[in-house]
Amino acid sequence: MELLVDSFMKEVEVRNPHEEEFLQSVSEIAESILLYMEDHPQYKKYKVLERMIEPERVIMFRVPWVNDHGEIEVNRGYRVQMNSAIGPYKGGLRFHPSVNLSVLKFLAFEQIFKNSLTGLPMGGGKGGADFDPKGKSDLEVMRFCQSYMTELFKHVGPNMDIPAGDIGVGAREIGYLFGQYKRIKGEFTGVLTGKGHEWGGSLIRPEATGYGVVYFVQEMLKMRNDNLKGKRVIISGSGNVAQFTAEKCIAEGAKVLTMSDSKGFVYDANGIDSHKLAYIMHLKNVKRGRIKEYAEEFGCEYFPNEKPWSIPCDIAFPNATQNELDHQDALTLISNGCFCVAEGANMPSTRAAIHHFESSKILYAPGKAANAGGVAVSGLEMSQNSLRYSWSREKIDRKLKVIIEQIHQSCVQYGREENDYINYVKGANIAGFVKIADAMLAQGIV
Ligand code: NDP
């Protein structure tokens, strides 16, 4: 198996030099898919995987804008349109200084499998810019978004490519991007998801990724006749995904011990309850402050420049960013009693960490399965926009639950191994792959 992966990856490395994150995500998929393809030669014969790892299109462009001091700033914008075999490109936009082609290609590649798993007709893409919204005024963010959309509008549309939010792109940014698209095109269409409810957004979209991760964990626990009540939970991040993971965990009776941001984490031994979570939401979404302020407000411990993985827990949710949980962290988590890791973020665990989770046979849910709730409700937002109708909270939440249950079942179907161990990585990769691969076979060599 290792030989198979190594020889496949050698060529991928030559074609994509220095794209570390992208190579990491391809090799993770290759580990599951290459063996599966040995028994399904049609995929090999038609070079489906080789075609899948090549983006259908990459758009890279200059984003000039003027800051509040009247100075000119220049950022780099991107959209990676990875695969449209099962639907129009769909995937978020990330505004963060670390954004580069490798990061966006890895995210776009992961996205095609995730979208396939939802069962909805969505291809995969991802985009963004190396722009940092932190410390910028609202008007600066608006001018940046307008400049970004002034180029991006040529490449997106409700039947072509429908971006959404991701790190650094929340309700505020989606509003500015949508406003500029509407102004240039002169039409009100569902070109973005994550919109405000008053202007075409779906209820439950802000909550969907975080709630979905928790629903996925509930499915895993159900297989052991267990539930979240009384479980000690640690969460990294304090953004959109982390906030709603915490909200649902609290509602289900779990005890949330940590949250973090890029500067450090807080450990609240008494548990973050809904009142304290409301403080975090205001701190992060309105005041745009640092998580450290939580420790000062509620008198708990703050660990600067550290991640929360050393805090003993039952369940860990890495919900901040890629490669935030390495091999040593995985060893620490498991030796402290953690028996379940569910990824709200995309590729937060390194390959070595994943191998340790697998060999320890804990419950491990990779991001492409566990955090698919966000894009699933984005898909439902697209349906509502097409219908020019808006469904109730209850209806969307029910649909979200059903989609997550189905993703879980697909993982179980393709990921069951000896002694009934469910390898969720293998399950998610193969289940996601088969649908896209069959569509590619049906559509010819394009
Ligand atoms: P947000 O921007 O709302 O929050 C990101 C959080 O992660 C913040 O707390 C941020 O801290 C922290 N963070 C960002 N970069 C780093 C870093 N390099 N090191 C440590 N902490 C960091 O983003 P989201 O919550 O939307 O996204 C979080 C993750 O979830 C990402 O991996 C994203 O791709 C994934 N995801 C998001 C979906 C969505 O619907 N939003 C859907 C599926 C996956 P700080 O405030 O200091 O920057």
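All figures in this text were calculated on a predicted structure; none of them were measured in a lab. Atoms within a ligand are numbered from 1 in the order they appear, just like the ligands themselves.
- Looking only at atom types and distance, the side chain of S27 has a donor-acceptor partner in the side chain of R351 under 3.5 Å away.
- Looking only at protein heavy atoms, the nearest one to atom 2 (O) of ligand 1 is G168 N, 3.1 Å.
- Within the listing of ligand 1, atoms 9 (O) sit less than 4.0 angstrom from a heavy atom of S238.
- Close contacts of ligand 1 with G237, meaning ligand atoms under 4.0 Å from a residue heavy atom, involve 9 (O).
- No heavy atom of G170 sits closer than 4.0 Å to any atom of ligand 1.
- Interface of A345 with ligand 1, defined as ligand atoms under 4.0 Å from a residue heavy atom, comprises 29 (C), 30 (O), 32 (O), 35 (C).
- Seen from the ring of F22, K105 counts as a face-on cation partner, given the 6.0 Å and 45° thresholds.
- At the shortest separation from atom 40 (O) of ligand 1 among protein heavy atoms lies T209 OG1, 2.7 Å.
- In terms of protein heavy-atom proximity, atom 25 (O) of ligand 1 is closest to V241 N, 3.0 Å.
- Using the six-membered ring where Trp is involved, Y148 and F95 have ring planes that are perpendicular, over 60° apart on the 30 and 60° scheme.
- Among all protein heavy atoms, the one lying closest to atom 19 (N) of ligand 1 is T321 CG2, 3.8 Å.
- For A372, the heavy-atom gap to ligand 1 stays at 4.0 angstrom or more.
- The shortest distance between side-chain heavy atoms of P163 and V156 falls below 4.5 Å.
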C249 and F317: CA distance, side-chain angles, deciding distance, side chain to side chain contact (heavy atoms under 4.5 Å, CB included) verdict: CA-CA 11 Å; C249 282; F317 291 97; 3.7 Å; yes
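- Of the candidates N305, D132, N240, it is N240 that places a heavy atom closest to atom 3 (O) of ligand 1.
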Verdict with reasoning, Y267 to Y302, per ring pair (Phe, Tyr, Trp, His ring centres under 6.0 Å): CA-CA 6 Å; Y267 169 42; Y302 173 67; over 10 Å; no
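- At least one heavy atom of R205 sits less than 4.0 Å from an atom of ligand 1.
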CA sep, side-chain torsions, deciding dist, call: D130, R76, salt bridge (Lys or Arg N to Asp or Glu O under 4.0 Å): CA-CA 6 Å; D130 60 354; R76 187 172 289 170; 5.7 Å; no
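- In K292, the NZ atom is not crowded: 12 or fewer heavy atoms of neighbouring residues, nucleotides or ligands sit closer than 6.0 Å.
- Remark: K222 engages E219 in a salt bridge, criterion side-chain N to carboxylate O under 4.0 Å.
- Residue contact annotation: K284 has a non-hydrogen atom under 4.0 Å from ligand 1.
- Shortest contact from atom 27 (O) of ligand 1 to any protein heavy atom: I167 CG1, 3.7 Å.
- With a 4.0 Å heavy-atom cut-off, ligand 1 is reached by the side chain of H96 but not by its N, CA, C or O.
- With A376, P348, A320 as candidates, the residue nearest to atom 29 (C) of ligand 1 on a non-hydrogen basis is A320.
- Within the structure, ligand 1 lacks K307 among the residues with a heavy atom less than 4.0 angstrom away.
- Annotation: cation-pi pair K395/W391 present, NZ/CZ under 6.0 Å from the ring centroid and within 45° of its normal.
- The protein heavy atom nearest to atom 21 (N) of ligand 1 is S262 CA, 3.5 Å.
- Distance alone, capped at 3.5 Å, places no donor-acceptor pair between the D268 side chain and the L257 backbone.
- Counting heavy atoms only, G239 comes closest to atom 1 (P) of ligand 1 of the residues G289, S378, G239.
- With respect to atom 33 (C) of ligand 1, the closest heavy atom belonging to the protein is D166 OD1, 3.1 Å.
- Of the options K399, R205, K195, K90, a salt bridge (charged side-chain N to carboxylate O under 4.0 Å, His left out) to E381 is made by K195 and by none of the others.
- Heavy-atom separations between K134 and ligand 1 include at least one value shorter than 4.0 Å.
- K126 forms no cation-pi arrangement with Y89, by the criterion of a distance under 6.0 Å to the ring centre and an angle within 45° of the ring axis.
- Scanning all protein heavy atoms for the shortest distance to atom 32 (O) of ligand 1 gives N346 N, 3.2 Å.
- Here N319 has backbone heavy atoms under 4.0 Å from ligand 1, and that is the only part of it that gets that close.
- Relative ring orientation between H275 and F298 is described as perpendicular, the plane-to-plane angle rising above 60° on a 0-90° scale split at 30° and 60°.
- Assignment of R94 to the shell around ligand 1 is supported, since a heavy atom sits closer than 4.0 Å.
- Short contacts between ligand 1 and R290, defined as distances under 4.0 Å to a heavy atom of the residue, involve ligand atoms 45 (P), 47 (O).
- Listed by atom number, the atoms of ligand 1 under 4.0 Å from S260 heavy atoms are 9 (O).
- Distances from atom 36 (N) of ligand 1 to the heavy atoms of G344, G374, G367 put G344 nearest.
- Annotation for K435: atom NZ counts as buried by contact number, over 12 foreign heavy atoms lying within 6.0 Å.
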